[in-house]
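In what follows, a structure is listed as structure tokens, so that the remarks can point back to it.
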Amino acid sequence: MLDTKKSQLLIEILQTDLLKWFEESKRDLPFRRTRNPYFIWISEIMAQQTQIDTLIPYYNRFIDNFPTVFSLALASIDEVIKAWEGLGYYSRARNLHQAARIIVTDYDGMMPATFSELIKLPGIGPYTGGAIASIAFNQKVSAVDGNVLRVISRYCNSCDDIGEATTKKRITRWIESILPDEVGAFNEGLMELGAMICTPKSPKCLSCPIRSGCQSNAAGTTGLIPIKTKKQKQRIKKMEVGIVKINGQLFFVRRPDTGLLSGMWSFPIAETAAGDGQDIKKKLEENFSELCKPIFIGTSRHVFSHIIWDMSVFIFDQDNRVCESTLNPYYISAQRESRSNPQVTFKALSQVDDLALPIAFSKLLALLT
DNA sequence: GAAGCGTGGTC
DNA sequence: TGACCAAGCTT
């Protein structure tokens, strides 16, 4: 880390030239056209582990649907999750909804204006709290994300592993010691620089506004810094998916409200060793008293952040059954359960869009046509 | 500290 | 293609 006294010139470059560059070059983003803390909050939650270009349409739709913290607090969790469909990390939506209700009940609908109050809310951690406090309320706190860790590591030519908490704390402290009055723009500028110029691969050093002070550029180490321990790769899980079709409708189950894809709808799915359809058939027999033979219709791989599902997909087409029957007892029992139990439902293909369905399953719909 | 938690883009 | 990565938080 740079010594604060010796490196006064380098610090001034970082402050002055970065702010100047940001003012001239910043992207025109919808959430940069407002100081509304609620809008800033929504954008920062969406930005967690998500590239800005990806979240923009979600952001516009979300504030259209939920223009105030009150409208978000009054909405149902299903509506909020549906608005989040496709963005991933769905606990963000649940926390957002919870936090909105807390803000309405405990804060009279006013966003807390300080870092220490903000990070009490679910889904708001050190980065997001710092971002909202500095950008929306001009509080002198840092907002250290992956971009900032990379930019500062390179600027100081630091060999510290940015995956380690101590490194993040050290960089946070250092930034807080050099924050200018325009703290929101400074924090955003560091991130913008990391996103547009000081990128992980092939950084555009020739266009960098603070190149003259960059120790990594001087040492020729921009390709080596930051140091980051690589994460272990995903385990592969072999899964069977069962698509039950009755009277032209498809059977869906709701996932638990914790864990992977929490609160989202899904086709019934089961871990399997054989992959011949028998494991998912057994599971489906909890809902259906009589089930036709599984017909294999294809495979699909879905990559999550920590696991991979290798899915074998089977259709149980009760409308074109191999076995003969005069009644549809399974339909009746399942339909009754779907009215009394919110964990399951039936939807025609044209109505599937009513449900919040993760990509892992929505992409399976292509196998049906 | 480490693991769980989505999806899309890039090279 | 696979490996890496993205404006992180929670447990």
Side-chain angles (χ1 to χ4, degrees), chain A residues 22 26-27 29-32 40-59 81 84-96 98-99 118-136 142-151 161-169 172 184-196 198-203 226 228-237 255-264 266 301-309 356-363:
Chain A
F22 181 63
K26 62 183 176 186
R27 288 170 289 177
L29 304 173
F31 39 87
R32 283 184 178 159
I40 304 289
W41 173 41
I42 302 299
S43 71
E44 291 299 341
I45 299 296
M46 288 187 171
Q48 293 169 3
Q49 296 291 285
T50 305
Q51 304 204 115
I52 298 302
D53 290 343
T54 301
L55 69 84
I56 288 175
Y58 285 89
Y59 171 82
I81 293 248
W84 212 266
E85 179 186 52
L87 254 188
Y89 286 144
Y90 296 101
S91 67
R92 290 185 293 174
R94 311 176 77 73
N95 287 333
L96 202 55
Q98 269 190 50
L118 285 163
I119 59 171
K120 292 179 183 172
L121 295 168
I124 298 184
Y127 162 73
T128 307
I132 299 172
S134 63
I135 296 170
S142 64
V144 178
D145 71 335
N147 286 311
V148 177
L149 291 174
R150 183 173 59 255
V151 168
D161 184 344
I162 61 169
E164 299 201 351
T166 54
T167 303
K168 186 174 175 182
K169 281 180 188 167
T172 299
F186 183 71
N187 284 338
E188 268 198 281
L190 283 174
M191 293 187 272
E192 186 82 349
L193 189 75
M196 307 306 291
C198 195
T199 48
K201 282 174 256 183
S202 310
K228 195 176 180 183
T229 53
K230 60 173 178 287
K231 57 190 173 201
Q232 63 179 39
K233 65 177 185 181
Q234 301 98 328
R235 291 178 300 111
I236 296 179
K237 275 193 176 184
R255 296 178 61 82
D257 62 10
T258 58
L260 183 63
L261 303 174
S262 55
M264 304 290 285
S266 84
R301 164 171 285 205
H302 191 76
V303 179
F304 295 95
S305 52
H306 59 304
I307 55 174
I308 295 173
W309 279 357
L357 203 62
I359 303 297
F361 297 110
S362 63
K363 69 185 185 185

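Proteins get letters first, then strands, A, B, ... in listed order; numbering begins at 1 in each.
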Practice task
Starting at the 5' end of nucleotides 1-11 of chain C, put B wherever the base has a protein heavy atom under 4.0 Å, S where only the sugar-phosphate does, and a dash everywhere else.
Solution key: ---SBBBBSS-
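Taking atom P on both B/dC5 and C/dG2, the two are 23 Å apart, rounded to the nearest angstrom. Here, B/dG1 and C/dC9 have their C1' atoms 15 Å apart, quoted to the whole Å. Across C/dT10 and B/dG8, the matching C1' atoms stand 24 Å from one another, rounded to whole Å. Spacing of P atoms, C/dA7 relative to B/dG4, comes out at 24 Å, to the nearest Å.
Proximity of a side-chain donor or acceptor of A/Tyr90 to a complementary backbone N or O of A/Leu260 within less than 3.5 Å is not detected. Judged purely by atom type and a 3.5 angstrom limit, A/Glu192 uses its side chain to pair as donor or acceptor with the backbone of A/Arg27. Remark: side-chain polar atoms of A/Arg92 are paired, donor with acceptor, to backbone N or O of A/Gln48 under 3.5 angstrom. For the pair A/Thr128 (side chain) and A/Ile45 (backbone), a donor-acceptor distance under 3.5 Å is absent.
Residue contacts for A/Val303: at a heavy-atom cut-off of 4.0 Å it reaches a base atom on one of the strands shown. Within 4.0 Å (heavy atoms only), A/Ala143 reaches no atom of the nucleic acid at all. Residue A/Leu261 is in sugar-phosphate contact alone, with no base atom involved, counting any heavy-atom pair closer than 4.0 Å across all strands shown.
Atom CD1 of A/Ile45 and atom C1' of B/dC5 are 15 Å apart (whole Å). The interatomic distance linking A/Trp84 (CH2) with B/dG8 (P) rounds to 15 Å, in whole Å. Across the protein-nucleic acid pair, A/Ile359 atom CD1 and B/dT7 atom P stand 6 Å apart, rounded to whole Å.
Annotation: side chain to side chain donor-acceptor pair (under 3.5 Å) contacts of A/Asn147 (sequence neighbours excluded): A/Asp145, A/Arg150. The side chain to side chain donor-acceptor pair (under 3.5 Å) search around A/Lys120 returns A/Glu117, not counting sequence neighbours.
The environment of NZ in A/Lys363 is crowded: more than 12 heavy-atom neighbours from other residues, nucleotides or ligands sit within 6.0 Å.
Within the structure, every side-chain polar atom (N or O) of A/His306 is placed at least 4.0 Å from both OP1 and OP2 of B/dG6.
Taking the nucleotide of DNA chain B with the nearest heavy atom to each of A/Gln232 and A/Gly88, the more 5' of the two is matched to A/Gln232.
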